[in-house]
Structure formats: structure tokens, C-alpha cells
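As C-alpha cells, the structure follows; a few thoughts come after it.
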Amino acid sequence: MRKNIILASSALLLSSIFFVINDAIINYLSSNDIQFYHFIFYGTPAYLSVPIYLFFKKNLKKHLVSSNYKILIIRSLIFSPMPFITFLALKNISLPEFTTLNMSSPLVGAILAFFILKEKLNFYIYTSLLFGFTGVLFVVQPGFDTFNIYFLVTLLGVFFITLSTVIVNKYNNIATAIGYFIYGGLIIHVTSFIFFLIDPLIVDLRIFFLITTASIFINLAIFLATYSFRMAQKYYSAIFCLVYLQIVWSSLIGLYFFNEYLNKYALIGAILIVFSGIISVPGQIKQVYGK
């Protein structure tokens, strides 16, 4: 099991970097009238490259076979609003704010792990949840002049993405990680193709390159995250704290490329959220090793 935790943690660490790079590109594209379905349509080759490669390797059928197709379709439906939510949110809030709010996912994950996965929480994790929730309040700042309704849209996306990872963890034996990846993107790609036919857009070479680059990173990130949570099995919440590193990557990219930064209250919230992750470490050790 220790090997699984190391592999899952390494995969999640890489995915956190890839997610932020993708979000940074979307942050730029969303301000240039690129819609989510344009992005998905032009990024389809990156998604299809996996099943096409497996087809020619005569290994595709193994990853398409599942013992429960209903769960795969439900997860695909849950995941499908994510590109729309990401584009909508990043068009109206800064990249550091978006990423910091996404760091509430371990809080949602711990709650879902308790109710759905029946994982036992301990004092450290409860304390971590308290600090994390307080941090989210500082970032959202309800009642402040800086409150933005799109903060809540982002949090809705957090719930969807976290629920999809919980499903992967709970039903880790019904499909391979690649199978989850292929089925997970099926509905959103079909939907985006239909929207693109209704509202087509010809992009220049520079935009096409950015979309292709972001698509490669987001597909890698989704696959690595799926692999990570499937590999973690009974220790779902134990590896989730690694996503807090996204705040670091996002803040650096947001400041350097977009001149975006967190205000003083949001910065306090980010510190509390990171501190929440640090507090959760001994709780995760206790959860994994029972000490």
C-alpha cells in the first residue's frame, strides 16, 4: 500500500502543475471571446490520441470494457459542466482567486469521503476542515465590496470535480484509469461538437497552438488525477492535501503573466487554506498507518 500512496501522490503532484497551466491558458483565452466549446473542439485531437493509440496497439477493448457502465456515464455527466464553469469563472475572477477557491476541494473531499467512502476522520482532519473553511470565507468575502457571484460558481465546480474523483475512488475496480479517462470526456466532447456546429469559430495559428497546448496539459492532468485517486483506494483523503500546491503555481503565473494577485483578505484566506493542508498531514499519517 505504501507504494500505491507514493505513486498516487506523485501523479497528483504532476496533475496539480498541469491543471494550473491549463487554467492560465484558459484565463487568457476567455478574455479573447473563445468559448468553452471552441476550446474543447480544437482540443479534441489531444483527447482522441489516447483511444486511437490504443486502437492501433490492439489494446483499446480492454480499457472500454467495464463491469458498471452506468457509473461511468453518471461520472461523465457530473464532469461535463466543468469546462463551461472554468471558462465562465476565469472570465470574471482572477487566476489566483480561482485556484485558491479550488483548494476548497480537500474540504469537500473529506466530507464526501466521510459520507460516501465511509473513511474515518480524526481530530487533525477536523481541525484542518475548520481552518480550510475559514480560509474559503476569507477568499469569498461574503458581504464585502469585493464579493463576486462567480466565486460561488467556482465552488459549484469544486463540488462537481470532487464528486467525480470520489466516484473513481469508490468504484476503482469497474474500469481502468484509461477507461475512466475515455468515458469521462465522452459527453463533454460530443456536446461541444454540437455547440461548435451552431457557433463555429476559425482561430489563427497562435490561438490553435495555445488551445492544443492547454488540451494536452488538461488531458494529462485529468488522467493523472484519475490514476491517483483510483490508486489511492481506501486513502482518498490522505493524498488530497497535495492539491494545495496549486496555490503556489497559480499565484506565480498570475502575478508574472497577468499581473493578478490576491487582496489582503484573500491572501489571509490562502494562508489559512495552506495551513489547513499542513495540519491535515499528521491526520493523514494517522489515517494511512493507523498511528
Side-chain angles (χ1 to χ4, degrees), residues 15 18-19 22-23 26 30 35-51 54 60-61 63-90 98 101-102 104-109 111-117 150 152-199 214-215 217-230 232 236 240 243:
S15 73
F18 295 158
F19 271 123
N22 169 76
D23 293 343
I26 289 179
S30 63
Q35 304 300 322
F36 78 93
Y37 45 88
H38 299 137
F39 175 83
I40 297 294
F41 177 84
Y42 282 108
T44 298
Y47 166 74
L48 291 179
S49 62
V50 174
L54 292 174
L60 178 60
K61 184 178 179 181
H63 298 288
L64 293 181
V65 172
S66 171
S67 59
N68 194 330
Y69 293 100
K70 181 180 178 181
I71 293 297
L72 294 176
I73 297 302
I74 290 174
R75 178 179 176 268
S76 185
L77 284 169
I78 291 171
F79 187 78
S80 60
M82 286 310 303
F84 170 71
I85 289 174
T86 300
F87 265 79
L88 183 64
L90 284 172
F98 176 80
L101 286 172
N102 271 281
S104 62
S105 56
L107 312 180
V108 179
I111 295 171
L112 292 178
F114 177 78
F115 287 104
I116 298 177
L117 303 179
Y150 294 99
L152 301 183
V153 172
T154 303
L155 291 174
L156 177 63
V158 169
F159 174 77
F160 285 147
I161 191 68
T162 307
L163 181 58
S164 72
T165 62
V166 169
I167 290 174
V168 172
N169 185 272
K170 182 175 179 64
Y171 300 98
N172 62 82
N173 60 343
I174 69 168
T176 65
I178 293 177
Y180 263 114
F181 168 78
I182 294 173
Y183 283 105
L186 190 62
I187 291 177
I188 185 58
H189 279 85
V190 172
T191 304
S192 295
F193 180 79
I194 295 172
F195 278 120
F196 187 89
L197 291 179
I198 298 173
D199 180 30
S215 297
F217 278 116
I218 189 59
N219 281 290
L220 282 173
I222 292 171
F223 171 74
L224 288 170
T226 301
Y227 170 84
S228 176
F229 290 116
R230 182 177 178 273
Y236 172 84
F240 221 141
V243 302

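Heavy atoms only: backbone and side chains are in, while hydrogens, waters and symmetry mates are out. Everything quoted here is computed from the prediction, not taken from an experiment.
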Minimal non-hydrogen separation, G43 against S215, with atom names: CA-OG, 3.0 Å

With a 4.5 Å cut-off on side-chain heavy atoms, are I40 and F193 touching? no

Between Y47 and I182, does a side chain to side chain contact (heavy atoms under 4.5 Å, CB included) hold up when you go through it step by step? CA-CA 8 Å; Y47 166 74; I182 294 173; 3.9 Å; yes

Please report the shortest heavy-atom distance between S80 and I188, naming the atom on each side. O-CD1, 3.2 Å

Atom pair OG1 (T165) and CG (L112), whose distance is rounded to the nearest 0.5 Å: 8.0 Å

If I compare all heavy atoms of F160 with all of M82, which pair ends up nearest, and what's the gap? CB-SD, 4.0 Å

Sequence neighbours excluded, which residues qualify as side chain to side chain contact (heavy atoms under 4.5 Å, CB included) partners of I111? F115

Between OG of S30 and CZ of F39, what distance do you get to the nearest 0.5 Å? 11.0 Å

With L163 as reference, evaluate I74, V158, I116 under the side-chain contact (heavy atoms from CB on, under 4.5 Å) test and give the passing residue. I116

Taking side chain to side chain contact (heavy atoms under 4.5 Å, CB included) as the definition, give me every residue that meets it alongside K61, ordered by chain and number, with sequence neighbours left out. V65

Could you give the distance from CG (L72) to OG (S66), rounded to the nearest 0.5 Å? 4.0 Å

Test T226 against R75 for side chain to side chain contact (heavy atoms under 4.5 Å, CB included), laying out the working first. CA-CA 12 Å; T226 301; R75 178 179 176 268; 3.5 Å; yes

Start with the C-alpha distance between I161 and I85, add both sets of side-chain angles, then the distance that settles side chain to side chain contact (heavy atoms under 4.5 Å, CB included), and finish with yes or no. CA-CA 11 Å; I161 191 68; I85 289 174; over 6 Å; no

Output all residues satisfying side chain to side chain contact (heavy atoms under 4.5 Å, CB included) with T44, sequence neighbours left out; order by chain, then residue number. L48, H189

On a heavy-atom basis, the closest approach of S76 and L186 is OG-N, 4.1 Å

Could you tell me which residues satisfy ring pair (Phe, Tyr, Trp, His ring centres under 6.0 Å) with F217, sequence neighbours excluded, listed by chain and number? F18

Does any pair with a residue in residues 173-187 pass side-chain hydrogen bond (donor to acceptor under 3.5 Å, both in side chains), and if so which ones, sequence neighbours excluded? H63-T176

For F98, ring pair (Phe, Tyr, Trp, His ring centres under 6.0 Å) partners two or more places apart: none

Hits for ring pair (Phe, Tyr, Trp, His ring centres under 6.0 Å) against Y42, two or more places apart or cross-chain, chain-then-number order -> F196

Considering residues at least two apart in sequence or located in another chain, which fulfil the side chain to side chain contact (heavy atoms under 4.5 Å, CB included) criterion with Y150? L88, N92, I93, N148, V153

Pairs where residues 65-85 contributes a residue and the test ring-ring contact (aromatic ring centres under 6.0 Å, His included) is met, not counting sequence neighbours: F36-F84

Does Y37 have any ring pair (Phe, Tyr, Trp, His ring centres under 6.0 Å) partners at least two apart in sequence or in another chain, and if so, which? F195

What pair of heavy atoms forms the shortest contact from H38 to D199, and how long is it? NE2-O, 2.8 Å

Distance check, rounded to the nearest 0.5 Å: F41 atom CZ versus T191 atom OG1? 14.0 Å

Minimal heavy-atom distance between T154 and L101, with the atoms involved, is CG2-CB, 3.9 Å

Run L152 and L156 through side chain to side chain contact (heavy atoms under 4.5 Å, CB included) and show every step you take. CA-CA 6 Å; L152 301 183; L156 177 63; over 6 Å; no

